[in-house]
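Letters go in sequence order (proteins before strands), and every chain restarts at 1. Since this is a predicted model, take the numbers as computed values, not measurements.
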Protein chains: 2
Amino acid sequence: MLSDVMEDYLKAIYRIQARSGPPVSTSAIADAIDKTPASVTSMLGTLEDRGVVVHQKYKGVELTTDGERVALEVVRHHRLLEAYLAEHLDYSWSEVHDEADALEHHISEEFERRVAAALDDPAVDPHGDPIPSADLAPLDGDDTTPLSACEVDDRVLVTRVNDRDREDLEYLEAAGVTPGTALKIVGVAPFGMVTVRVDGDTEQSLPESVAESIRVCDAVDAAVADERGEVTDA
Amino acid sequence: MLSDVMEDYLKAIYRIQARSGPPVSTSAIADAIDKTPASVTSMLGTLEDRGVVVHQKYKGVELTTDGERVALEVVRHHRLLEAYLAEHLDYSWSEVHDEADALEHHISEEFERRVAAALDDPAVDPHGDPIPSADLAPLDGDDTTPLSACEVDDRVLVTRVNDRDREDLEYLEAAGVTPGTALKIVGVAPFGMVTVRVDGDTEQSLPESVAESIRVCDAVDAAVADERGEVTDA
DNA sequence: CTATTAGTTTAGACTGTTCTAAATCGGGGT
DNA sequence: ACCCCGATTTAGAACAGTCTAAACTAATAG
Ligand SMILES: [Mn+2]
Ligand SMILES: [Mn+2]
Ligand SMILES: [Mn+2]
Ligand SMILES: [Mn+2]
């Protein structure tokens with residue numbers, strides 16, 4: 001088996017690879033998990049020996065199929081835990097991430113099954129991020145755009161929010177902006193401040209950092225998908 | 001902070017100390033956590049540096065007040081988790097121990113609080129073992145006796161069962177013998193086989209190993225305590 | 001009072017993970 | 001084509017935790 005440290009490396013590589021595609025650089029991993037590049041190089045060697053990554057010296061690293069499955073397993077644990085903590089233990093949006101990070105490597109497959117059953121096999125976590133299925137099939141690509149890239153008069157649905165910044169999450173919770181919320185962009189100020197109308201109701205001005213942590217999909221496209229009977233997250 | 005390995009040493013020392021009193025021998029610890037005596041000696045040194053045990057060379061080891069608090073904290077986590085898994089995630093009696101062992105070092109104080117609240121601050125775990133209070137006050141002494149030490153015609157209440165042997169637990173579950181069950185001892189055969197009447201109902205013959213893992217208190221004493229308004233576990 | 005020996009500690013080695021400091025690589029600008 | 005500089009790897013050390021083998025201690029049997 002792999003240690004929890006190794007699982008954290010694979011999770012980090014997976015996340016970076018999902019955003020910017022392979023190959024993933026040593027320094028990107030080092031930044032993500034707060035270690036030195038030298039430590040990362042060393043660990044990439046042992047991960048390659050275990051067959052979960054392939055590493056080309058000076059070029060970067062890529063997950064193997066096995067490595068991706070391990071990463072998906074950890075991500076599934078993480079997001080199921082987040083959903084469970086929010087749903088059944090009354091955790092708030094902004095608290096679940098750290099607790100899930102601590103537990104994700106230590107739950108059994110039995111625990112995973114029972115939590116999934118208690119939640120009725122949820123498709124997304126509290127931040128709107130998709131939960132890998134039990135068979136660990138690869139997640140499909142992200143077709144969302146950052147709110148900070150939207151233009152005035154766009155109508156969008158909030159799909160997911162970055163779960164890593166607690167302050168931003170608390171801000172958004174207070175503003176009533178959660179996955180599934182409909183937004184109309186009212187204004188875009190210099191330095192990235194975005195003003196939106198929330199659910200056709202109140203108006204909110206979101207600082208750039210907050211706007212960057214929100215990912216949205218086009219409200220019209222989503223409605224079309226809806227008519228085809230597909231599921232958008234609730 | 002202490003590592004989870006250190007927490008496991010302290011938990012083991014606590015358990016042995018609770019049963020046979022200090023000082024606790026190196027080999028007793030080694031047996032309990034399945035390591036070599038040499039490894040234990042080495043770790044006792046570092047635990048002494050951290051101020052959680054005092055160790056007299058060749059004599060044995062004892063928890064300090066700090067060390068006992070750490071052990072109680074881990075035990076509280078363990079038993080709360082067992083209770084939660086049984087109550088809210090439909091785990092059986094015999095499955096909870098291993099899962100709790102894996103999680104006990106990794107939950108936050110916040111998680112502990114929420115689990116305790118969800119269970120309404122339980123006093124005992126599913127095996128009848130007392131759960132240390134949130135302020136980590138020392139548990140009071142064990143006034144139970146093993147079922148294997150009972151005599152014919154004794155009437156007793158099952159107080160707790162050893163949570164370490166999964167087979168015995170499955171046996172007892174099938175036999176309907178759980179904490180709170182009233183037993184009348186019908187017969188004691190050679191080699192320790194004990195025959196009991198369960199709740200004035202069915203009769204069961206329990207092999208020696210099973211009888212040894214059951215601890216009981218006198219049914220009459222318990223009734224007296226009950227009349228004083230004290231709580232016996234349900 | 002000495003010899004035996006079970007239990008304990010020490011010595012030394014090994015694995016896993018991380019770090020700092022130094023050497024090396026390679027792509028972009030001249 | 002060559003140089004440079006930032007990114008990367010290597011070298012070497014450190015720490016935690018564990019092991020085996022060897023030395024030691026203390027309690028007991030004779
Ligand atoms: Mn993690
Ligand atoms: Mn999340
Ligand atoms: Mn443990
Ligand atoms: Mn228990």
Side-chain angles (χ1 to χ4, degrees), chain A residues 1-14 16-17 19-63 67 70-71 74 101-102 104-106, chain B residues 1-14 16-17 19-63 67 70-71 74 101-102 104-106:
Chain A
M1 274 299 91
L2 302 172
S3 70
D4 50 349
V5 172
M6 292 175 186
E7 288 183 353
D8 276 338
Y9 274 91
L10 294 177
K11 188 173 66 151
I13 296 167
Y14 175 82
I16 299 164
Q17 189 171 292
R19 182 162 305 280
S20 5
V24 173
S25 75
T26 300
S27 53
I29 302 168
D31 286 352
I33 63 180
D34 205 46
K35 307 216 153 69
T36 64
S39 301
V40 174
T41 299
S42 162
M43 179 56 82
L44 292 182
T46 72
L47 290 174
E48 182 148 41
D49 292 345
R50 301 299 207 86
V52 287
V53 304
V54 295
H55 182 209
Q56 312 243 108
K57 281 206 198 324
Y58 295 102
K59 302 294 286 268
V61 73
E62 185 173 355
L63 295 175
V70 173
V74 178
D101 243 14
E104 64 193 4
H105 312 288
H106 304 288
Chain B
M1 275 298 90
L2 302 173
S3 71
D4 50 350
V5 171
M6 292 175 186
E7 288 183 352
D8 276 339
Y9 274 91
L10 295 178
K11 188 172 67 152
I13 296 167
Y14 175 81
I16 299 163
Q17 190 172 291
R19 182 161 303 281
S20 7
V24 173
S25 74
T26 300
S27 52
I29 301 168
D31 287 351
I33 63 180
D34 204 47
K35 306 214 152 71
T36 63
S39 300
V40 174
T41 299
S42 161
M43 180 55 81
L44 292 182
T46 73
L47 290 173
E48 183 148 40
D49 292 346
R50 302 299 208 88
V52 287
V53 305
V54 295
H55 182 209
Q56 311 242 110
K57 281 206 199 320
Y58 295 102
K59 300 296 283 267
V61 74
E62 185 173 358
L63 294 176
V70 173
V74 178
D101 243 15
E104 65 192 3
H105 313 289
H106 304 287

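Here the options are A:L47, A:V54, A:I29, the test is side-chain contact (heavy atoms from CB on, under 4.5 Å), and the partner is A:V61; only A:I29 passes. Looking at B:D4, B:L2, B:V5 one by one, the single match for side-chain contact (heavy atoms from CB on, under 4.5 Å) with B:H105 turns out to be B:D4.
Base contact: B:T36 has a heavy atom under 4.0 Å from a base atom. Within 4.0 Å (heavy atoms only), B:S27 reaches sugar-phosphate atoms of the nucleic acid but no base atom.
The environment of A:D49 atom CG is dense: over 12 non-hydrogen atoms of other residues, nucleotides or ligands sit within 6.0 angstrom.
Smallest separation of non-hydrogen atoms from A:A71 and A:Y14: CB-CB, 3.5 Å. Across every non-hydrogen atom of B:K11 and B:E104, the tightest pair is NZ-OE2, 2.9 Å. Heavy atoms only, all atoms of each residue included: A:D8 and A:I33 are closest at O-CG2, 4.2 Å. Nearest heavy-atom pair across A:T36 and A:A30 is C-CB, 4.0 Å.
Taking 4.0 Å as the cutoff to heavy atoms of chain B, we find the contact window on DNA chain C bounded by C:dG7 to C:dT10. A nucleotide of DNA chain D counts as in contact with chain B when one of its atoms lies under 4.0 Å from a heavy atom; the first and last such, 5' to 3', are D:dG17 to D:dT25.
Taken from CE in A:M6 to CE in A:M43, the straight-line distance is 5.0 Å, to the nearest 0.5 Å.
Side-chain atoms of B:E48 and B:H55 form no donor-acceptor pair, as typed in the model, at a separation below 3.5 Å.
Although no hydrogens or angles enter the test, the distance criterion places a donor-acceptor pair under 3.5 Å between the side chain of B:T41 and the main chain of B:P37.
The stretch residues 44-59 of chain A touches DNA chain C through A:Y58, each having a heavy atom within less than 4.0 Å of the strand.
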